[in-house]
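For reference, positions follow the sequence shown, starting with 1. Not measured: the values here are computed from a predicted model. Order of listing sets the numbers, starting from 1, for every ligand and every atom in it.
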Amino acid sequence: MTTSSELLDLSPVMPVVVLDDAEAAPDVARALLAGGIRTIELTLRTPAALEAIEKVASQVPDIVVGAGTVTTPEQAAQAADAGAAFLVTPGTTDALLDAVAATRLPFLPGAATVSEAMRLAERGLDTLKFFPAEASGGPAALKAFAGPLPHLKFCPTGGVSVANAPEYLGLSNVGCVGGSWLTPKDAVAARDFATIERLAKESAALAS
Ligand SMILES: O=C(O)C(=O)C[C@H](O)[C@H](O)COP(=O)(O)O
């Protein structure tokens, strides 16, 4: 996997995962893989996240592990050092863009408006995260983006579920959707990997 656009082609759903315990990370990744999902975005929302990325990168080589919720230049560098294969940000600033570019990793920068998307396109970025998707107009908004900006591809995230994912996945400018529903907090806490695998299987079967 070398480009952001190839990243979107790996699975119809990018699981957005929050882990409090890095020890659980490899088993969560294996459950997703067993369900047919080939990417995992581990969010830098918890102190365990960097160690979780390290563990998945070294112990589960068949899944492509990235870092999500990258909001500072320091986090971009730390995630790359931990072994992240791609980076995802909820929004973008110039400092963050420079730091991410320095890692040379595939990157999904967050954008919620046409102007934000155009600004990123000016920087050579054509594969973006649409966040927060549902709150920013949902599929109707993204469909409208495709008129003036047909060359941009999106991974809508934020309020996406197995129920509304097909509506996004049917759009010409959507490569995959992102969501936290594959790894519910209680299932992760209970080490209920069977539930995670079942949700992954259901998500992997969505047509992209
Ligand atoms: O953490 C980040 O970097 C974000 O941008 C937010 C996450 O992508 C969403 O919180 C996932 O949304 P849900 O699937 O609705 O839970």
Side-chain angles (χ1 to χ4, degrees), residues 4 7-8 10-20 22 25 28 32 35 37 39-50 52-53 56 64-80 82 84-93 95-97 99-100 103 105-113 116-117 120 125 127-139 141-142 153-169 174-189 195-196 198-200 202-204 206 208:
S4 308
L7 181 66
L8 264 51
L10 288 176
S11 293
V13 182
M14 167 92 68
V16 178
V17 183
V18 181
L19 289 181
D20 291 314
V28 169
L32 291 169
I37 294 288
T39 55
I40 178 170
E41 176 188 330
L42 286 164
T43 65
L44 302 187
R45 292 185 184 204
T46 61
L50 287 171
I53 290 169
V56 174
V64 180
V65 57
T69 326
V70 178
T71 57
T72 67
E74 295 73 28
Q75 285 178 325
Q78 288 168 344
F86 64 93
L87 304 177
V88 187
T89 65
T92 37
T93 67
L96 195 51
L97 285 177
V100 171
T103 69
L105 290 174
F107 174 41
L108 297 178
T113 68
E116 288 168 15
L120 291 163
L125 297 158
T127 308
L128 315 178
K129 165 169 166 159
F130 179 52
F131 177 79
E134 281 290 289
S136 305
L142 263 188
K153 278 258 188 291
F154 294 88
C155 172
T157 309
V160 182
S161 66
V162 73
N164 63 10
E167 218 184 320
Y168 286 100
L169 291 167
V174 169
C176 72
V177 300
S180 60
W181 82 85
L182 290 74
T183 51
K185 207 175 166 45
D186 50 351
V188 174
T195 290
I196 294 171
R198 180 179 55 74
L199 293 168
E202 188 179 48
S203 300
L206 293 167
S208 56

Task: Val70 and Val88: CA distance, side-chain angles, deciding distance, side-chain contact (heavy atoms from CB on, under 4.5 Å) verdict - done: CA-CA 6 Å; Val70 178; Val88 187; 6.0 Å; no

TODO: Evaluate the criterion side-chain contact (heavy atoms from CB on, under 4.5 Å) for residue pair Gln75 and Thr69; output intermediate values, then yes/no.
DONE: CA-CA 9 Å; Gln75 285 178 325; Thr69 326; over 6 Å; no

Task: CA sep, side-chain torsions, deciding dist, call: Ile40, Leu42, side-chain contact (heavy atoms from CB on, under 4.5 Å) - done: CA-CA 6 Å; Ile40 178 170; Leu42 286 164; 4.1 Å; yes

Can you pull every nitrogen or oxygen pair between ligand 1 and the protein closer than 3.5 angstrom?
unit_1, atom_1, unit_2, atom_2, d
ligand 1, 1 (O), Arg45, NE, 3.1
ligand 1, 1 (O), Arg45, NH2, 2.7
ligand 1, 1 (O), Thr69, OG1, 2.6
ligand 1, 3 (O), Thr69, N, 3.1
ligand 1, 3 (O), Thr69, OG1, 3.0
ligand 1, 5 (O), Lys129, NZ, 2.8
ligand 1, 8 (O), Lys129, NZ, 2.8
ligand 1, 10 (O), Arg45, NH2, 3.1
ligand 1, 14 (O), Ser180, N, 2.9
ligand 1, 14 (O), Ser180, OG, 3.2
ligand 1, 15 (O), Gly159, N, 2.8
ligand 1, 16 (O), Ser180, OG, 2.6

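Partners of Pro139 by side chain to side chain contact (heavy atoms under 4.5 Å, CB included), not counting sequence neighbours, listed by chain and number: Glu134, Glu167, Tyr168, Leu171. Scanning for ring pair (Phe, Tyr, Trp, His ring centres under 6.0 Å) contacts around Phe154 gives Phe145, with sequence neighbours left out.
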Kindly list each side-chain donor-acceptor pair under 3.5 angstrom involving residues 174-181, sequence neighbours excluded, with atom names and distances?
unit_1, atom_1, unit_2, atom_2, d
Trp181, NE1, Ser203, OG, 3.4

